[in-house]
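Please read all numbers here as calculations on a predicted model, not as lab measurements.
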Amino acid sequence: MIEVKHLTKYYRDKAVVNDISFTVEDGEILGLLGPNGAGKSTTMNMLTGYISSSSGQALLNGIDILEDPIKAKAQIGYLPELPPLYLDMTVMSYLNFVYNLKKCKLPRKSHLKDVCSLCKITDVSGRIIKHLSKGYRQRVGLAQALVGNPPILILDEPTVGLDPKQILEIRTLVKKLGKKHTVILSSHILTEIQAVCDRVVIINHGQIAANDTTDNLSKSVSASNRLIVRIGGAKNEVLQAIREIDGVEKVHADLEREPGIYEFEIESDSNQDVRPALNQMVQKHGWSIYKMDLGEMTLEDVFLKITMGEGVHLSSAKKQMASGNIPESESAPESEPESEPAPQPEVESAAADVENEEGGEA
């Protein structure tokens, strides 16, 4: 279980992350979303102990990441956006190195074999990492996060660089891992978050703007019913006729999908179903309906409405900002400062030690 309590991070006088709190239960997959500069990466870096917080707590299975960092980090498998790979090592040498680094107690050969099988890298386990494609390097990065079978997984953009087939495989793997692990998944592919995650936290201007399931967020954001309709008729005449229907709040004409057939997006009062009146209107004018769909909001629609400030207030933090109690200019910098990369040890000596150890086991 992950508990974030009033976590705050300042860079000089700028609050990049401003008093955020949320929990992730055991066996839950949480999607962490936010536009560039919102504080998302800073939050993940604080959760993993890569940087310290200015105030607040991050508890990993009850262990404070600042009070007992070694014990807390033992709970985590972390895949950063740029996987921490040593390019001159073979895949298996690298995983052996990670195994030693984490002081893993599981049976070495069988455990690493299982990890390679899960991540579909068994066939490249003897190859040098720098000769692998970007997709395979990403898989190796995921494999290092799984070494030691940590109870908590924090994955930042785990499908970057993968082809569509590999993306589906990683999504399936993440959902499988979510049954036994607590998972935080960050991605800019919103369909991926929608397909995999049980719940979504959206960070905007360093604060939590939303924290709920995708379905509940869609209902909260949209106070109207949406309808997508294709009607055969003169576009402007159809537009005017739709506007005159009781309950219609807004209508937008899209492209000509077929000769003489236009698509219209209709927003109506949430308490009123305009479909019967729409059918009557079309019959009255001698037009035809070629398509009618309920325009359900996707996660992308929700994300854009929340982060682009379209009057959506889903949390107390967002309400404070909207009311002027927390000026946006003071809540976050224009862009999120990037952390310095961690220093890496000499690869040659590390690789040599691992190769010797592997030789002793064979």
From CA spacing to verdict: side-chain contact (heavy atoms from CB on, under 4.5 Å), Ile231, Ile242: CA-CA 11 Å; Ile231 299 175; Ile242 293 174; 4.2 Å; yes
Residues Arg139, Glu169; criterion salt bridge (charged side-chain N to carboxylate O under 4.0 Å, His left out); working and verdict: CA-CA 11 Å; Arg139 289 174 181 230; Glu169 290 173 349; 2.9 Å; yes
side-chain contact (heavy atoms from CB on, under 4.5 Å) between Gln240 and Glu244, worked out: CA-CA 7 Å; Gln240 184 58 38; Glu244 294 173 358; 3.3 Å; yes
Step-by-step side-chain contact (heavy atoms from CB on, under 4.5 Å) determination, Lys120 to Ile170: CA-CA 9 Å; Lys120 302 281 200 285; Ile170 295 300; over 6 Å; no
Check against side-chain contact (heavy atoms from CB on, under 4.5 Å), Glu81 and Ser186: CA-CA 9 Å; Glu81 187 173 353; Ser186 172; over 6 Å; no
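The two atoms that bring Ala58 and Leu7 nearest to each other are N-CD1, 4.3 Å, heavy atoms only. In terms of heavy-atom proximity, Lys40 sits nearest to Leu33 at CD-C, 3.9 Å. Contact between Val200 and Leu217 at its shortest, heavy atoms only, is CB-CD1, 4.3 Å. Nearest heavy atoms, Leu185 versus Cys197: CD2-SG, 4.0 Å. Heavy-atom minimum distance, Asn204 versus Ala209: CB-CB, 4.1 Å. Closest of all the heavy-atom pairs between Thr307 and Pro35 is CG2-CD, 3.8 Å.
Checked by atom type and distance alone, the side chain of Ser54 pairs as donor or acceptor with a backbone atom of Tyr10 at under 3.5 Å. Under the 3.5 Å distance criterion, the side-chain polar atoms of Thr159 are left unmatched by any main-chain donor or acceptor of Leu162. Between the side chain of Asp64 and the main chain of Leu59, no donor-acceptor pair closer than 3.5 Å is present. Panel note: side chain Gln166, backbone Asp163; a donor-acceptor pair is recorded below 3.5 Å. In terms of modelled atom types and a separation under 3.5 Å, the side chain of Glu157 and the main chain of Leu82 share no donor-acceptor contact. Without hydrogens or angle criteria, Asp19 side chain to Thr8 main chain gives no donor-acceptor distance under 3.5 Å. In this structure, Arg243 contributes its side chain and Val248 its backbone to no donor-acceptor pair below 3.5 Å. Between the side chain of Lys9 and the main chain of Ser52, a donor-acceptor pair closer than 3.5 Å is present. The backbone N or O of Lys113 sits nowhere less than 3.5 Å from a side-chain atom of Ser117 that would complete a donor-acceptor pair. Listed for the His111 side chain is no donor-acceptor partner under 3.5 Å among the backbone atoms of Val147.
Put simply, the side chain of Ile121 reaches to within 4.5 Å of the side chain of Leu95, judged on heavy atoms. A 4.5 Å side-chain heavy-atom check between Ile129 and Tyr94 finds at least one atom pair inside the cut-off. Two residues are said to be in side-chain contact when any heavy atoms from C-beta on lie closer than 4.5 Å; Leu132 and Val91 meet this criterion. A heavy-atom distance below 4.5 Å is found between the side chains of Arg171 and Thr191. The side-chain heavy atoms of Asn96 and Met89, taken from C-beta on, include no pair separated by under 4.5 Å. Side-chain contact between Ser53 and Leu66 is present, with heavy atoms from C-beta onward closer than 4.5 Å. Inter-residue side-chain proximity for His181 and Asn149 is flagged as met; some heavy-atom pair is nearer than 4.5 Å. Contact check for Leu87 versus Arg137: side-chain heavy atoms found under the 4.5 Å cut-off.
Atom NZ of Lys102 is surrounded by more than 12 heavy atoms from other residues, nucleotides or ligands within 6.0 Å. The local environment of CD in Glu256 is crowded, with over 12 non-hydrogen atoms from other residues, nucleotides or ligands closer than 6.0 Å. The neighbour count for Asp246 CG, taken as heavy atoms of other residues, nucleotides or ligands under 6.0 Å away, does not exceed 12.
Taking CG from Asp293 and CZ from Arg226, the interatomic distance works out to 11.5 Å, rounded to the nearest 0.5 Å. In this structure, the separation between CG on Leu278 and CH2 on Trp287 is 10.0 Å, given to the nearest 0.5 Å. Taking CZ of Phe264 as the start and NE2 of His252 as the end, the distance is 10.0 Å to the nearest 0.5 Å. Note that CG of Leu30 and OG1 of Thr182 are 10.5 Å apart. Values are rounded to the nearest 0.5 Å. Separation of atoms CG (Leu173) and CG (Leu118) is listed at 5.5 Å; rounding is to 0.5 Å. To the nearest 0.5 angstrom, Leu177 atom CG is 6.0 Å from Leu153 atom CG.
The aromatic rings of Phe97 and Tyr86 sit perpendicular to each other, their planes meeting at more than 60°, with 30° as the lower class boundary.
At a threshold of 4.5 Å between side-chain heavy atoms, the hydrophobic network of Ile, Leu, Val, Met, Phe, Trp and Tyr places Leu47 and Tyr11 in one connected group. Cluster annotation: Met281 and Val251 are assigned to the same hydrophobic cluster (Ile/Leu/Val/Met/Phe/Trp/Tyr, side-chain heavy-atom contacts under 4.5 Å, transitive). In the hydrophobic clustering of ILVMFWY residues, with side-chain heavy atoms under 4.5 Å counting as a link, Ile51 and Ile184 come out together. Met292 and Val274 fall within a single hydrophobic cluster, where Ile, Leu, Val, Met, Phe, Trp and Tyr side chains are chained together by heavy-atom contacts under 4.5 Å. Cluster annotation: Tyr78 and Tyr50 are assigned to the same hydrophobic cluster (Ile/Leu/Val/Met/Phe/Trp/Tyr, side-chain heavy-atom contacts under 4.5 Å, transitive).
Sorted by first and then second residue, the pairs that involve residues 21-34 and meet salt bridge (Lys or Arg N to Asp or Glu O under 4.0 Å), not counting sequence neighbours, are Glu28-Arg199.
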